[in-house]
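For ligands, and for the atoms within them, numbers begin at 1 and follow the listed sequence. FYI, the numbering just counts along the sequence from 1.
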Amino acid sequence: MADRFPPDIDMDTPSIARMYDYLLGGKDNFEVDRVACNVLLDRVPEVFALANDNRAYLTRAVEFVASRGVEQFLDLGAGLPTADNTHHVAQRANPGARVVYVDNDPIVAAHGRALIDDGRRTAFLHEDLRAGDGILDAPETRRLIDTDLPVCLMAVSLLHCVPDDGDPFGALGSLVDRLAPGSHVIFSHCVTDDPAAGEWITEKILSFGTPWGRVRSEREAEAAFAGLELASAWTDERDSGPRTVDCATWRHPERAPLRRPADPDVTLWEMAGVAVKR
Ligand SMILES: C[S@@+](CC[C@H](N)C(=O)[O-])C[C@H]1O[C@@H](n2cnc3c(N)ncnc32)[C@H](O)[C@@H]1O
């Protein structure tokens with residue numbers, strides 16, 4: 001089995017991309033990833049819904065931004081290809097949409113290049129969020145994305161994978177700085193209002209040897225929107241209620257936007273919001 005994978009793929013340590021794939025019902029994961037997920041699920045069962053709600057949020061958010069006429073998407077921390085990838089969603093709304101996927105995990109890069117990269121309207125870049133200009137100036141990006149026109153920058157369920165000393169919010173901000181007015185940011189981040197629960201998850205994931213940042217508070221995660229204007233979290237653009245919400249409720253056709261899950265026993269969720277650069 002090891003022969004099927006490039007040598008830089010570590011099959012003995014759980015990877016966030018493969019664990020997330022397992023939670024979404026995918027097949028691109030190893031025993032070590034499944035065991036790690038089950039350790040988390042035993043203590044924090046909401047992790048399963050959180051992953052699936054996050055992916056559904058990504059779809060709604062890409063539909064929303066594409067419907068605003070944005071044609072270029074830079075999907076950072078894209079994850080393993082799944083049933084409905086960003087370019088599928090964006091191109092349903094706008095057949096001319098172009099997507100550059102970026103991820104630092106070698107197995108994601110291998111699958112992404114094989115399954116997604118067509119070199120014309122989609123490309124895959126094996127790079128780290130913290131590469132900054134190295135992302136925007138990479139030939140793959142420059143071929144498909146013109147930063148003089150609005151871009152949708154996606155950091156969905158990504159920044160909690162990066163520790164504070166990697167300055168994930170600074171890295172995101174420096175990419176936003178280079179984008180044209182009318183650009184959008186699609187964002188979600190794993191947050192908690194129970195610091196002990198957040199620390200437990202963070203320490204558990206780090207104990208697997210998996211590269212990871214930490215669960216943060218909503219207030220910390222809101223740094224992603226500095227200088228940006230948040231869109232309404234309602235499908236009808238209503239100007240009331242929170243704009244950064246539990247991802248399960250962001251522009252959901254049948255749910256009102258809620259800042260956190262209604263069940264007080266659920267203390268971990270993906271805080272989500274979409275913002276525009278004016
Ligand atoms: C939880 S998955 C989210 C996938 C997708 N964005 C979604 O929300 O469905 C996080 C992804 O970020 C990638 N990742 C983690 N740290 C990264 C970094 N520093 N630079 C680029 N990608 C990173 C992981 O490899 C993984 O594929």
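A distance of 8.0 Å separates NE2 in H111 from CG in D21, rounded to the nearest 0.5 Å. The CD atom of E203 lies 12.0 Å from the CZ atom of R214; values are rounded to the nearest 0.5 Å. Atom CG of L172 and atom CZ of F225 lie 9.0 Å apart (nearest 0.5 Å). One finds the CZ atom of R216 at 5.0 Å from the CZ atom of F169 (value rounded to the nearest 0.5 Å). Taking SG of C37 as the start and CZ of R18 as the end, the distance is 10.5 Å to the nearest 0.5 Å. With rounding to the nearest 0.5 angstrom, the CD atom of E71 is 8.5 Å from the CG atom of L149.
The protein non-hydrogen atom at the shortest distance from atom 23 (C) of ligand 1 is N104 OD1, 3.1 Å. Summary of contacts: the protein heavy atom closest to atom 25 (O) of ligand 1 is D103 OD1, 2.6 Å. From the protein, the heavy atom lying nearest to atom 15 (C) of ligand 1 is C161 CB, 3.6 Å. With respect to atom 8 (O) of ligand 1, the closest heavy atom belonging to the protein is N54 ND2, 2.9 Å.
Atom numbering of ligand 1 starts at 1 in the shown order; those under 4.0 Å from a heavy atom of V162 are 19 (N). Which parts of ligand 1 touch A78 is read off a 4.0 Å heavy-atom cut-off, strictly below it: atoms 4 (C), 5 (C), 6 (N). Atoms of ligand 1 lying under 4.0 Å from any heavy atom of L158, numbered from 1 in the order shown and given with element: 12 (O), 14 (N), 15 (C), 16 (N), 17 (C), 22 (N), 23 (C). The distance from ligand 1 to the heavy atoms of E127 drops below 4.0 Å at these ligand atoms: 21 (C).
Under the 4.5 Å side-chain criterion, counting only non-hydrogen atoms from C-beta, R251 is in contact with S232. Counting heavy atoms from C-beta outward, N54 and Y20 have side chains that approach closer than 4.5 Å.
By the 3.5 Å distance cut-off applied to N or O atoms, L129 is counted among the residues near ligand 1. At least one N or O atom of Y20, backbone or side chain, sits closer than 3.5 Å to an N or O atom of ligand 1. Checking only distances, G77 does come within under 3.5 Å of ligand 1, N or O to N or O. At under 3.5 Å, a nitrogen or oxygen of V156, whether backbone or side chain, sits near a nitrogen or oxygen of ligand 1. Residue R55 has at least one nitrogen or oxygen atom sitting less than 3.5 Å from a nitrogen or oxygen atom of ligand 1, judged on distance alone.
Under 4.0 angstrom from ligand 1, the non-hydrogen atoms of D128 come from both its backbone and its side chain. Looking at V102 against ligand 1, nothing comes within 4.0 Å, counting heavy atoms. Contacts of R130 with ligand 1, taken as heavy-atom pairs under 4.0 Å, involve the side chain alone.
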inquiry  = Show, in sequence, the C-alpha distance, side-chain angles and deciding distance for D137 and R142, and conclude whether the salt bridge (Lys or Arg N to Asp or Glu O under 4.0 Å) test is met.
reply    = CA-CA 6 Å; D137 296 335; R142 291 176 71 98; 3.6 Å; yes
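Distances from ligand 1 to the non-hydrogen atoms of M154 include no value under 4.0 Å.
Hydrophobic clustering of Ile, Leu, Val, Met, Phe, Trp and Tyr side chains at less than 4.5 Å, counting indirect connections, keeps V266 apart from V44.
Heavy-atom proximity to atom 10 (C) of ligand 1, evaluated over S157, G79, C247, is greatest for S157.
Ring centers of F64 and W250: under 6.0 Å apart, within the cut-off.
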